[in-house]
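Below, chains carry the letters A, B, ... as their sequence lines are ordered, and counting in each starts from 1.
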Amino acid sequence: KAGVTQTPRYLIKTRGQQVTLSCSPISGHRSVSWYQQTPGQGLQFLFEYFSETQRNKGNFPGRFSGRQFSNSRSEMNVSTLELGDSALYLCASSDGTGNEKLFFGSGTQLSVL
Amino acid sequence: SQQGEEDPQALSIQEGENATMNCSYKTSINNLQWYRQNSGRGLVHLILIRSNEREKHSGRLRVTLDTSKKSSSLLITASRAADTASYFCANSGGSNYKLTFGKGTLLTVNP
């Protein structure tokens, strides 16, 4: 099986712009989670989707949003970028039956200038 | 914050030695998981231990769980240079469909 695929791998944006990140889960997985990783805050949960429905959401401002499509692929969007949004954004997939193990993609490294 | 803590933050050992990392968490759990991350890459799941288990083994990995102390430890035996990575524990933190990760332990294994 192919692993979790995240695109793009690297992204450079300027403050005020918006960005969309994409994640394709492992075939057959219906749950996709997103995490933000920074040196200061570590890994922070953004949100989780299952069958196109958001089941849980972390403590991030409304500028961070996501969605999931019928084929389980997911996107997350960050609007009005701030310098502090610079981070590694990680997507993970699972079968969604509970708090079982996650399979992570390689991440998108976002730099906001 | 629901985040747990790993201890130590950094650990440097020689090849062949054992490495022990500890993790504390704050809420009740269904299970506790350990992940590994090579620099700037995605996380790889290593092992999952359920709340009713006390010890689990997988190859050179040994994980213990003490729910009364809300703590877990990961032991890597006979370490190799390729084990150099950051190691994170994660738990459900009482919330479904979400894992709460600790800050991680950076392990360096010197050849």
Side-chain angles (χ1 to χ4, degrees), chain A residues 3-7 9-10 23-26 29-51 53-60 66 68 86-111, chain B residues 1-7 9-10 21 23-53 56 58 61 63 65 72 74 85-106:
Chain A
V4 178
T5 304
Q6 287 189 248
T7 57
R9 181 72 180 94
Y10 299 96
C23 172
S24 293
I26 290 172
H29 283 183
R30 294 166 65 189
S31 169
V32 173
S33 302
W34 289 90
Y35 289 82
Q36 180 197 64
Q37 186 177 29
T38 60
Q41 297 298 315
L43 282 148
Q44 301 285 318
F45 172 78
L46 281 157
F47 24 66
E48 188 264 1
Y49 288 89
F50 180 85
S51 292
T53 299
Q54 186 183 86
R55 294 193 298 187
N56 206 339
K57 186 178 188 299
N59 297 322
F60 279 82
Q68 187 180 34
S86 293
L88 180 66
Y89 289 88
L90 292 162
C91 162
S93 77
S94 72
D95 61 13
T97 55
N99 295 313
E100 301 301 317
K101 70 178 185 180
L102 300 180
F103 295 82
F104 281 84
S106 294
T108 294
Q109 183 67 55
L110 172 65
S111 297
Chain B
S1 167
Q2 301 274 346
Q3 235 173 356
E5 296 286 335
E6 276 96 339
D7 167 46
Q9 290 186 339
M21 289 159 268
C23 163
S24 62
Y25 56 91
K26 299 181 179 179
T27 65
S28 60
I29 59 171
N30 297 317
N31 62 60
L32 188 132
Q33 305 178 35
W34 285 88
Y35 288 81
R36 163 199 168 123
Q37 182 181 36
N38 287 83
S39 180
R41 308 296 294 184
L43 281 75
V44 175
H45 182 269
L46 295 175
I47 196 165
L48 179 154
I49 185 166
R50 301 196 184 281
S51 59
N52 61 353
E53 298 176 306
K56 199 162 184 180
S58 177
L61 305 180
V63 169
L65 179 64
S72 174
L74 171 67
S86 291
Y87 291 82
F88 297 87
C89 66
N91 69 84
S92 59
S95 178
N96 285 330
Y97 317 121
K98 163 190 172 183
L99 286 182
T100 298
F101 286 84
K103 290 284 184 80
T105 292
L106 175 59

Turns out that what part of Leu88(A) lies under 4.5 Å from chain B's heavy atoms comes down to side chain

Only one of Leu43(B), Ile47(B), Ile49(B), Val44(B) passes side-chain contact (heavy atoms from CB on, under 4.5 Å) with Trp34(B), and that residue is Ile47(B)

What part of Gln109(A) gets within 4.5 angstrom of chain B, counting heavy atoms only: side chain, backbone, both, or neither? neither

Thr105(B) meets the side-chain hydrogen bond (donor to acceptor under 3.5 Å, both in side chains) criterion, sequence neighbours left out, with none

Tell me yes or no: between the side chains of Gln6(A) and Ser106(A), is some donor less than 3.5 Å from an acceptor? no

Tyr35(A) versus chain B, the contacting section by heavy-atom distance below 4.5 Å: side chain

For Phe103(A), all residues meeting ring pair (Phe, Tyr, Trp, His ring centres under 6.0 Å), sequence neighbours excluded: His29(A)

